[in-house]
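Proteins come first, then strands; the chains are lettered A, B, ... in the order of their sequence lines, and each starts at number 1. All values reported here derive from a predicted model rather than from experimental measurement.
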There are 2 protein chains.
Amino acid sequence: MSIQSDAETESPKRQAIISAAGELFVAHGYGAVSMDAVARAAGVSKATLYAHFASKDLLFASIISQACRESIAVADILPDPSSDIGDELSALGGRILRFLLQDRALAIHRVVIGESIRFPELGRAFYDNGPAVLRRVFGAWIARQNAAGRLDVPEPERAADLFCGMLRTGLYLRASLGIAPSPSEAEIDATVAGAVTMFLRAYGSGPATD
Amino acid sequence: MSIQSDAETESPKRQAIISAAGELFVAHGYGAVSMDAVARAAGVSKATLYAHFASKDLLFASIISQACRESIAVADILPDPSSDIGDELSALGGRILRFLLQDRALAIHRVVIGESIRFPELGRAFYDNGPAVLRRVFGAWIARQNAAGRLDVPEPERAADLFCGMLRTGLYLRASLGIAPSPSEAEIDATVAGAVTMFLRAYGSGPATD
DNA sequence: GTCTATAGAAGGATAGAC
DNA sequence: GTCTATCCTTCTATAGAC
């Protein structure tokens, strides 16, 4: 009667492989990581490695699509309520941009983009678990602000996309290209402020428009 | 007295190598392309290949940084004059987005992002010859519209970045991840229209604001 | 300069012992 | 399940003939 269907899943060796392969693939990409290197970093033999993952392709796809699923945690992106809609939007934008600028998030984005030709399912997994979730959550937040009369946005989800697009320009674009390694807080705040200003001038309702 | 410093540059074999390697690297990335494949596609022997390029790293870096320099041609991005600023901005946005969505532009962006860890200079070359040029040209255009009283934008270059960020969201993001392979003209137009609407509501001067 | 042929190394994957 | 040792393929790079 005892069910132990996923007992394998918790094998320590398997966990070691997943952990080590995750770090290596995310940091260096598919081509630059050998199965030897994964085995060495995980402290297992190559035979053990292949006992758990049938091929390098499969290992890579598992690891990265798993990383896409984890790295979201958009739950706590939404800001604390404030009397000023601009403050809330700034807080929200700041959290999103800081999340995107994390080394790990940047690295995952890079790897997925770089290998999305060879592994199309990764592009899909990344989009569904990252941008698409953000679009829904953020869009719903905008819709609530509409309902409360604090914003006047015709298409909330499209507007969420546009706002995120403004966050992902300049600073983030350079970071994703390996330029501007660690942007200052001031630069981040300035980028967020630019997006918030544009957004509120376009869609703010009430006295904040000017 | 005759100068022939770049006679080598025009060697037909060398041109064949550059052309073939360009296609292969842009299409498949660094790791997935072998020197054998380059030699075969160029119709030369590997010895000839190595006579022109000392290593695979060097060949890759030359080819891709060259591709970054070429693929810009932002010259003809600027729109024809029109009586309506919205029409001009739409035309401009449409040209930018269509340029970015070209297979070749997408592929170069992907390769550079993917290999920017291993080849940091490529990220720089891409940014300097792509986004940075666009930012300057587009920013100057906005400044001219300011001067003509058709727009009222406090920081033209930053605004140019924001506008381009809005173009690079949704549709383009999915395309760069390998989803939504060939977007329809209607989708492209809708994306541009969204960005133009936001931009003009925020920074339009005159009656177009509402 | 160009080719054919190959050296030398490294990577992916597996056989067999425990 | 795990390891050691190894096979086979593929890759980068070069030597030597033309």
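- Side-chain nitrogen and oxygen atoms of A/H52 include at least one within less than 4.0 Å of the OP1 or OP2 phosphate oxygen of D/dT2.
- For B/R98, the salt bridge (Lys or Arg N to Asp or Glu O under 4.0 Å) partners two or more places apart in sequence, or in a different chain, are B/E185, B/D189.
- Annotation: B/F119 is in aromatic contact with B/Y30 [ring centroid separation under 6.0 Å].
- B/S176 contributes a side-chain N or O that, together with a main-chain N or O of B/L173, makes up a donor-acceptor pair within less than 3.5 Å.
- Applying a 4.0 Å cut-off to non-hydrogen atoms, the residues of residues 30-43 of chain B that approach DNA chain D are B/V33, B/S34, B/M35, B/D36, listed by residue number.
- Put simply, B/T48 has a side-chain N or O that comes within less than 4.0 Å of OP1 or OP2 on C/dC3.
- Atom-to-atom, NZ of B/K46 to C1' of D/dA15 comes out at 13 Å; the value is rounded to the nearest Å.
- Put simply, CZ on A/F53 is 19 Å from C1' on C/dG11, counting in whole angstrom units.
- A/K56 places its NZ atom 19 Å from the P atom of D/dT9, with the value rounded to the nearest Å.
- One cannot find a donor-acceptor pair under 3.5 Å joining the base of D/dG1 and the side-chain atoms of A/K13.
- The nearest whole Å value for the distance from the CD atom in B/Q15 to the C1' atom in C/dG1 is 16 Å.
- Mapped onto DNA chain D by nearest heavy atom, B/D57 and A/A47 fall at different nucleotides, with A/A47 at the one closer to the 5' end.
- Rounded to whole Å, the distance from CG on B/L49 to P on D/dA13 is 10 Å.
- Taking the centre and axis of the six-membered ring of B/F126, the NZ or CZ atom of B/R69 falls outside the cone set by 45° and 6.0 Å.
- A salt bridge between B/E121 and B/R124 is absent, with no side-chain N of the basic residue lying under 4.0 Å from a carboxylate O of the acidic one.
- Dashed line: the shortest gap from a side-chain N or O of B/Y50 to OP1 or OP2 of D/dA13 is under 4.0 Å.
- Classified by interplanar angle (parallel below 30°, tilted 30° to 60°, perpendicular above 60°), the ring pair B/F163/B/F199 is perpendicular.
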Original post:
What do the steps show when you test B/R201 against A/Y203 for side chain to side chain donor-acceptor pair (under 3.5 Å), and what is the final call?
Top reply: CA-CA 8 Å; B/R201 284 188 64 132; A/Y203 293 122; 5.2 Å; no
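- Side chain of B/S45, nearest nucleotide from C/dC3, D/dT14, D/dT2: C/dC3.
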